[in-house]
Structures are given as structure tokens and as C-alpha cells.
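To keep things clear, I will list the structure first and then write my remarks on it.
In what follows, every heavy atom counts, from backbone to side chain, and hydrogens, waters and symmetry copies are set aside. Just so it is clear: chains get the letters A, B, ... in the order the sequence lines come, proteins before strands, and each one is counted from 1.
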2 protein chains.
Amino acid sequence: MTPQRQLVLDAVRELGHATPEQICGQVQSSAPAVNITTIYRTLDLMERIGLVRHTHLGHGAPTYSELEHQHVHLVCHTCGAVTETSPGLLDGLAERLRGDIGFDLDATHVALSGLCSSCRDAYVDRPAVTDQQ
Amino acid sequence: MTPQRQLVLDAVRELGHATPEQICGQVQSSAPAVNITTIYRTLDLMERIGLVRHTHLGHGAPTYSELEHQHVHLVCHTCGAVTETSPGLLDGLAERLRGDIGFDLDATHVALSGLCSSCRDAYVDRPAVTDQQ
DNA sequence: GTCGTTGCAAAACGTTTGCACACCG
DNA sequence: CGGTGTGCAAACGTTTTGCAACGAC
């Protein structure tokens with residue numbers, strides 16, 4: 001565990017959900033010389049050994065978090081808002097997928113997408129202007 | 001509806017699920033001068049008016065398909081294989097999300113991720129080497 | 001002439017690679 | 001020494017942007 005790696009892990013823990021770029025910023029606030037390449041390499045390494053995980057929120061860069069940070073993410077098509085909810089919501093689905101076709105679902109790795117309540121309310125005959133997915 | 005746009009729409013229909021680059025290739029096979037910028041702009045336009053949709057299969061470029069092509073996609077973490085299944089599988093979840101937090105789920109927009117049956121079988125004490133997500 | 005559409009080049013974004021240097025055993 | 005980790009620059013794949021030219025009304 002090198003100093004850079006410790007800083008990356010600390011940043012992931014502090015930031016909760018963060019893109020490699022955000023993590024890089026956080027790390028550089030205490031060690032400006034650290035390069036973003038190192039961030040990527042370190043995140044990759046830590047993911048392989050099971051220290052962190054990444055989640056695709058739809059658009060753009062994935063976000064990294066601690067392995068224990070287990071949530072299902074809901075991303076709004078229209079405003080891009082991210083809501084977290086319990087992985088338990090997908091237990092039934094996971095069981096059915098496993099039984100039906102032998103697919104072992106990882107509910108937390110990708111965000112589910114849809115329309116959040118406020119956008120649904122606003123979406124009265126006004127077509128979506130932005131799809132941030 | 002310009003000739004380019006018709007070609008893009010035809011390509012989306014012929015290819016089923018295709019990335020912008022693949023669509024560009026298909027279009028250029030009959031009209032070589034068409035630029036990929038036009039593909040992007042046209043797909044964007046057609047998505048806004050509801051002719052096509054795009055789906056994130058995890059890694060890399062999204063795939064475009066006709067609006068009617070409604071599937072839930074399952075992508076394997078390890079081998080990257082894509083399975084299609086019925087959107088009905090998520091009906092219960094969609095209902096619960098709508099009731100609990102007012103989130104209107106679009107089950108077909110992102111692929112669910114996990115481990116396919118063959119990779120799960122192969123995954124006996126052999127850690128994943130590739131995560132294509 | 002005005003507006004929308006196109007092609008092209010360049011930029012932008014997120015990520016990966018090659019390579020040389022430094023450090024630690 | 002040898003091997004690992006790092007920084008830097010450059011490449012990469014995908015997407016967006018600026019701009020000039022074209023065409024339809």
C-alpha cells in the first residue's frame with residue numbers, strides 16, 4: 001500500500017460516490033503531483049481485490065465507492081437526479097432471473113433509469129428536452 | 001425527412017441493436033459521403049421525437065433500436081454476453097417503485113448486470129479477469 | 001434571403017498505453 | 001540488480017462543437 005493508493009482509498013471513502021476525475025481532485029488537494037493515470041490504475045487494482053466497486057449511473061464517467069456501499073440507484077432520464085434505494089427491492093427479480101435463466105443479478109452495478117416524481121409531474125405534455133443518459 | 005435521415009432510420013431497423021458507428025457503416029455502404037456527425041445528430045433528433053431509443057449495454061457506445069424494440073437486457077460482468085428477456089419481469093418492481101417513491105421505471109433503457117450461467121459455472125475459485133462493464 | 005441540414009475539422013471527454021525514471025527489496 | 005509503482009505524454013474511442021457551404025422554400 002503506497003501513499004498514493006492510501007490517498008485514493010481515503011478519497012473514495014470520503015466522497016462516497018465519485019468519478020475518477022473527482023477522486024483525482026480530492027487526492028490532489030493533499031498531494032498535487034499525483035497523476036490521474038495513477039487514480040485509474042489504483043481504482044482498477046482495488047476493484048480487482050475487492051476494496052471498491054464502480055457503478056454506472058448512465059451518462060459519462062462511472063462512480064466509485066466502497067464495496068460495502070450497496071445501493072440500487074435510480075437515475076432520472078430527464079433531470080439526471082440520482083436516488084438510492086434498497087437492494088432488497090430487487091430480490092424477487094434476482095431470484096426469478098436465477099431460476100429462469102441462471103443469471104446471477106448484481107443489482108447495484110448499474111443504475112435503473114426512468115422518470116423521477118418531480119419530472120413526471122412537470123412532464124404534462126411537455127416533451128423531454130434533455131436526456132442525460 | 002432528408003435522404004440521410006431515412007437511411008439512418010432504415011439502418012436502425014435493419015440492424016436491430018447498433019452503435020452509432022455501426023449505423024454509420026451501414027449508411028455509408030449505400031451513401032459513402034454521409035458523415036458520422038450526421039448519424040449522431042439524426043439519432044438524437046429521432047430519439048427526441050420518439051422514433052428510436054438507445055440502450056446502455058454497459059461498456060462503450062450505446063446501441064440504438066426502434067422504439068418498439070422493448071427488451072430488458074442482461075449483460076454478463078465477465079464475458080460481456082448480452083441476453084434479452086421480457087420487460088414483464090420487472091413489472092412488479094416498477095409498480096413498487098412507482099408506489100413507494102413515485103419513480104417511473106423505464107426497464108429497457110439500461111442493461112442489468114450480473115453473471116451469466118456459463119460464467120457462474122466457470123467461476124469456481126477463479127476470480128474474474130475481465131470486467132467489461 | 002433565410003432557415004434548416006450537412007460535411008469537415010477540431011475539440012472535448014473519459015480512459016488507456018508506452019516509456020523512462022525512481023524507489024524498495 | 002530486478003521488479004513494482006509512478007508521472008508524463010501521447011494515443012485512443014466516442015461524442016460534441018464551430019463553421020462554412022449547400023439546398024429548399
Side-chain angles (χ1 to χ4, degrees), chain A residues 1-12 15 17-49 51-65 75 80 109-111 129-133, chain B residues 1-12 15 17-49 51-64 80 109-111 129-133:
Chain A
M1 180 66 84
T2 67
Q4 288 93 330
R5 288 177 179 173
Q6 188 61 56
L7 286 168
V8 170
L9 186 53
D10 290 348
V12 169
L15 297 172
H17 264 115
T19 63
E21 199 123 355
Q22 291 170 326
I23 293 166
C24 189
Q26 173 79 7
V27 168
Q28 287 179 344
S29 72
S30 55
V34 175
N35 195 272
I36 193 157
T37 307
T38 302
I39 309 290
Y40 279 105
R41 288 193 278 229
T42 303
L43 289 172
D44 199 63
L45 170 73
M46 290 185 175
E47 184 149 39
R48 282 201 309 273
I49 64 179
L51 271 176
V52 304
R53 58 163 49 241
H54 76 267
T55 306
H56 294 276
L57 257 32
H59 54 10
T63 62
Y64 285 78
S65 57
V75 180
H109 186 223
V110 287
V129 198
T130 325
D131 179 352
Q132 311 197 1
Q133 304 302 299
Chain B
M1 178 67 85
T2 67
Q4 288 92 331
R5 289 178 177 173
Q6 187 60 57
L7 286 167
V8 170
L9 187 54
D10 291 347
V12 170
L15 297 172
H17 264 114
T19 63
E21 197 123 359
Q22 291 170 326
I23 292 165
C24 189
Q26 173 80 8
V27 168
Q28 286 179 344
S29 73
S30 54
V34 175
N35 195 272
I36 193 156
T37 307
T38 302
I39 309 290
Y40 278 105
R41 288 194 277 229
T42 303
L43 289 172
D44 199 62
L45 170 74
M46 288 183 177
E47 185 149 39
R48 282 202 308 273
I49 63 178
L51 271 175
V52 304
R53 56 162 51 240
H54 76 267
T55 306
H56 294 276
L57 257 31
H59 54 10
T63 63
Y64 285 78
H109 186 222
V110 286
V129 198
T130 325
D131 180 351
Q132 313 195 358
Q133 302 302 300

Checklist outcome for this item: Output for pair (A/Leu43 CG, A/Ile36 CD1), nearest 0.5 Å, gives 9.5 Å
Checklist entry - For A/Ala11 and A/Ile23, which heavy atoms make the closest approach, and how far apart are they? => result CB-CG2, 3.9 Å
Could you list the donor-acceptor pairs under 3.5 angstrom formed by side chains in residues 27-34 of chain A, with sequence neighbours left out?
unit_1, atom_1, unit_2, atom_2, d
A/Gln28, NE2, A/Val34, O, 2.7
A/Ser29, OG, A/Gln26, O, 2.6
A/Ser30, OG, A/Val27, O, 3.3

Checklist entry - Can you check the B/Ile39 CD1 to C/dT6 C1' distance for me, whole Å? => result 12 Å
Protein-nucleic acid N or O pairs under 3.5 Å, nucleotides 22-25 of chain C:
none

Item to check | Contact pattern, 5' to 3', of nucleotides 7-18 of chain D - B, S or - by protein heavy atom under 4.0 Å | outcome: BBB----SBBBB
Item to check | Partners meeting side chain to side chain contact (heavy atoms under 4.5 Å, CB included) with A/Ser65 (sequence neighbours left out) | outcome: A/His17, A/Arg53, A/His69
Checklist entry - Parallel, tilted or perpendicular: which describes the rings of B/His54 and B/Tyr64, with under 30° parallel and over 60° perpendicular? => result tilted
Checklist entry - Mind checking what makes side chain to side chain contact (heavy atoms under 4.5 Å, CB included) contact with B/Asp44, not counting sequence neighbours? => result B/Arg48
Next on the checklist: Tell me the interatomic distance from A/Arg48, atom CZ, to D/dG5, atom C1', rounded to whole angstroms.
Outcome noted: 13 Å
Item to check | Presence of A/Thr2 side-chain N/O under 4.0 Å of D/dT6 phosphate oxygens OP1/OP2 | outcome: yes
Next on the checklist: Among residues at least two apart in sequence or on other chains, which ones pass side chain to side chain donor-acceptor pair (under 3.5 Å) with A/Thr19?
Outcome noted: A/Gln22
Checklist outcome for this item: When rounded to whole Å, the CE to P distance for the pair B/Met1 and D/dA24 reads 17 Å
Side-chain atoms of residues 1-8 of chain B: list all donor-acceptor pairs with protein atoms under 3.5 Å, sequence neighbours left out, distances to 0.1 Å.
unit_1, atom_1, unit_2, atom_2, d
B/Thr2, OG1, B/Arg5, N, 3.3
B/Gln6, NE2, B/Asp10, OD1, 2.9

Item to check | Pairwise salt bridge (Lys or Arg N to Asp or Glu O under 4.0 Å) hits with a residue in residues 25-36 of chain A, at least two apart | outcome: none
Next on the checklist: Give the residues of residues 25-32 of chain B touching DNA chain D, defined as any heavy atom closer than 4.0 Å, sorted by residue number.
Outcome noted: none
Checklist outcome for this item: A/Ile49 CD1 to D/dG5 P, in whole Å, measures 11 Å
Checklist entry - Are A/Leu9 and A/Met46 close enough, and set up right, to give a side chain to side chain contact (heavy atoms under 4.5 Å, CB included), and what steps lead you there? => result CA-CA 8 Å; A/Leu9 186 53; A/Met46 290 185 175; 3.9 Å; yes
Checklist entry - A/Leu45 has an atom CG; how far is it from atom P of D/dT4, in whole Å? => result 13 Å
Next on the checklist: On a heavy-atom basis, which atom in A/Pro20 and which in A/Ala61 lie closest, and how many Å separate them?
Outcome noted: CD-CB, 4.4 Å
Item to check | Whole angstrom value for the distance that separates P of D/dG23 from CZ of B/Arg5 | outcome: 16 Å
